[in-house]
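Since the structure comes first, as structure tokens, the remarks are kept for the end.
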Amino acid sequence: MQNLLLNLNPEQLAAVTLPPQNALILAGAGSGKTRVLTTRIAWLIQTGQVSPAGILAVTFTNKAAKEMLTRLSAMLPINTRGMWIGTFHGLCNRLLRTHYRDAALPQSFQILDSQDQLSMIKRLLKANNVDDEKYPPKTVMYFINNHKEQGLRATQIEPYDAIERKLVELYDLYDQQCQREGVVDFAELLLRTYELLSRNQPLREHYQQRFRHILVDEFQDTNNLQYNWLKLMAGHGAQQGGALFAVGDDDQSIYAFRGANVGNMAAFEAEFQVRNLIKLEQNYRSHGHILDAANMLIANNSRRLGKNLRTDAGHGEQVRVYEASSDLQEAQWIIEEAKNLIAEGASRSEIAVLYRSNAQSRVIEHALFSAGIPYHVYGGLRYFQRAEIKHAIAYLQLMDNPHNDSAFLRVVNFPARGIGARTLEQLQNAAETYGISLYAAVPYMVGKAGTALGGFVKLVEGVRFETQHMALPELVRVTLEASGLLAHYATEKEGADRIENLEQMVSAATQFVSEEGYGQGAPAHMGPQAEAQAGAAIVNADGVEILDADAPLATVMSPLSAFLAHASLEAGDNQAQAGQEALQLMTVHSAKGLEFDNVFITGLEEGLFPHESSSKEEGGVEEERRLMYVAITRARKRLYMCFSQTRMLHGQTRYNMKSRFFDELPEKSLKWLSPKVQSHWFANKKPTWEDAQLSGGSDNAIAQRIAQNKAGGSGWRIGESVAHAKFGEGVIVNIEGSGSNCRAQINFGSAGMKVLDLSVAKLERLGR
DNA sequence: CTAATCGAATTTTTT
DNA sequence: ATTCGATTAG
């Protein structure tokens, strides 16, 4: 036990050894947040305050859950079984599988990912002749998910106008359709569990008593439903020697756009009578100048819980700032600097290039590719989201639950088997008429269409029969073959990769089987006998028998159902690729939680970062500032920031001002590498072919530059930074006319775009 | 039923 | 610029 607490600083120690009370830990970036969380669990168990079964630890991502589990097993000699550590969705899945009857779900309910949900809504709109101009599927989805996150069912919404009335109606229809098909979306997993526990008192009390200690990671990212879910789970825990231990950082709240509510931190403090607000402000990651920059920047936000990072590491190097003339040149510069870093001995994987939006990666990728520097781009398609994998999954879903219409439609004619839109329309009408699934409606179809559809049903049934006694990996292999997917991609030109991905699914299944504790020989389809042996029965005080969702999922559901849930809940990582000695390219959002010796923050321009659409939203700029804060605090030793005078966006050249965030950073912590770039790099010399290569790669670029250089002989240039008494700083975007009749279009950022007469307007040239 | 073509949209992302 | 979806032509 002693060594558990060794090397903790006073605040960390205080947090880890808090008495069982509700607590809020304000954990700054790099302050040892995960360490505190895991050590707290280990300490609680080692001091005998709680048994592993009394621990519930909730995270947002599977990655975080895994990390916690790994660290815990290193700390604790005992096995981690019995502890519930997982994502909100993963834990809800587990609860719903066990209590499926009380939750009014089929035991092998399937989980819709966002893609499936959207396609289902599109189908619903079509079936109900809803004008999708007036009600875009995305809007409907947004409406449904939002209300689920507020804990509201369709019947509980008071529509305030005709449009909303329609949306409510669609929400209701959507839920009915899901219920018919036996599928749930992500928000539904949470809401269904919430409702189950709200209405079922014995069940609720059972879990409340069981989970004496609930720990939540990244609390600032919780949405309202998740907060209420936690409230329900915590119950009266505090009075009974239990507690809710929430760890978060309001300054790193960057997911408001997807429903996260930072306000939950303040609400938690008040509602749970938090007596222990502990701030972890000692930073173990970054050098002084980097922290100074982060602290000063974030001080510009209002409504903070208040926190200032400090370090013992010394000032370190200043933040290097560079102004480029174009996005291409910005990329060139990044590569030069990265090369220098590598030459100095930096590992490539310790160099991260961050950007605000994915579109920015192209130019940088291109430059890296030309320079022959290996790189890895985060984000993009995850394994289980690839089209061919989704197809294979759909076949498996149909074998497990043929009434999943999304799965049915995805593969009914893939590979093509002569079932077209016409046939499907008829089938959908039949299904609509009888209120049954598409699969169940097939027997009502006659003629040629009926034959084709019947063939498909026979195929699915055939594979189902053939594989009923097989272990999961074998089942997957046979399905891939029998579905015709492998044969189909074999005929395709670009099919080799897809076949490889499909074959990987067999190994994914093998791995899943061994990790989840399914006996190798267990048949992938499992009948009701699984149900009989599930979990240990618990009888509560009222004599109500409760089945604790503690048993391995293997005993509650068939391997196939479990594998399908796994595929939906854990889309597979695209970020792993560890050991790859490559530069790391990613958005600032996906950099959250990571750290690197060397970090480049690119595209620091008004309109890009902060993003232009953020200024329209309430509190939008503050969220952008937090995003910038996250970006800065990723760096350990060296931080670079850069921006560009011109940038290609959506096929058009844009002229942005440098980001307002530069004005919010301490001057003494910055080192301007391009101190007096008063003009474009080409201003003092004739553009050469190499320059054109560097900046645009085409002869056209030279012509463009020269044209810009002249700019109507007004003495001003496009792209030049200027200041105006009334509008503030701006960038010349365009110049029209010549001589005394010369007007310039100037982007004043927040003050807007203005057209000014150059002979009248008093403009001042800006240094940079 | 497939292929081609045109048009609209284009911050950030996990489950 | 590019991608994705929907409509239209073969």
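Not measured: the values here are computed from a predicted model.
Ranking C/dT2, B/dT13, B/dT15 by closeness to the A/R362 side chain, first place goes to C/dT2.
Sorted by first and then second residue, the side chain to side chain donor-acceptor pair (under 3.5 Å) pairs with a member in residues 404-425 of chain A read A/Q110-A/N404, A/Q115-A/R410, A/R123-A/S406, A/Q177-A/D405, A/Y395-A/R417; sequence neighbours excluded.
A straight line from NZ of A/K138 to C1' of B/dT13 spans 14 Å, rounded to a whole angstrom. In this entry the distance linking CG of A/L225 with C1' of B/dT15 reads 13 Å, nearest Å. If you take CD of A/E570 and P of B/dT13, they are 19 Å apart, rounded to a whole angstrom. The interatomic distance linking A/Y378 (OH) with B/dT14 (C1') rounds to 16 Å, in whole Å. With rounding to whole Å, A/D113 atom CG is found 12 Å from B/dT14 atom C1'. What separates CD of A/E218 from C1' of B/dT13 is a distance of 13 Å, to the nearest Å. B/dT13 atom C1' lies 12 Å from atom CE of A/M141, rounded to whole Å. Atom-to-atom, CG of A/N223 to P of B/dT15 comes out at 14 Å; the value is rounded to the nearest Å.
In terms of the salt bridge (charged side-chain N to carboxylate O under 4.0 Å, His left out) criterion, residue partners of A/E612 (sequence neighbours excluded) are, by chain and number, A/R654. A/N301 is linked by a side chain to side chain contact (heavy atoms under 4.5 Å, CB included) to A/I298, A/R304, A/E622, A/R625, A/R626, counting only residues two or more places apart in sequence or in another chain. For A/R647, the side chain to side chain donor-acceptor pair (under 3.5 Å) partners are A/E330, A/E605, not counting sequence neighbours. Applying the side chain to side chain donor-acceptor pair (under 3.5 Å) criterion to A/H147, with sequence neighbours excluded, gives no partner residue.
Residue contacts for A/A187: at a heavy-atom cut-off of 4.0 Å it reaches no nucleic acid atom on any strand shown. Using a 4.0 Å heavy-atom cutoff across all strands shown, A/L91 reaches no nucleic acid atom at all.
Applying the 4.0 Å criterion to OP1 and OP2 of B/dT15, one finds that A/N62 has a side-chain N or O inside that range.
A distance below 6.0 Å separates the ring centres of A/H589 and A/F257.
Across the P atoms, B/dT13 and C/dC4 are found 16 Å apart, a figure rounded to whole Å.
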Restricting to nitrogen or oxygen on both sides, can you table the protein-nucleotides 2-12 of chain B pairs closer than 3.5 Å?
unit_1 : atom_1 : unit_2 : atom_2 : d
B/dT11 : O4'    : A/H611 : NE2    : 3.3
B/dT11 : O2     : A/R356 : NH1    : 3.1
B/dT11 : O2     : A/R356 : NH2    : 2.1
B/dT11 : N3     : A/S613 : OG     : 3.4
B/dT11 : O4     : A/S613 : OG     : 3.4
B/dT11 : O4     : A/E617 : OE2    : 3.1
B/dT12 : OP1    : A/N358 : N      : 2.7
B/dT12 : OP1    : A/N358 : ND2    : 2.9
B/dT12 : O4'    : A/R356 : NH1    : 3.1
B/dT12 : O2     : A/R356 : NH2    : 3.1

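A ring pair (Phe, Tyr, Trp, His ring centres under 6.0 Å) with A/W229 is found for exactly one of A/F88, A/Y194, A/Y207, namely A/F88.
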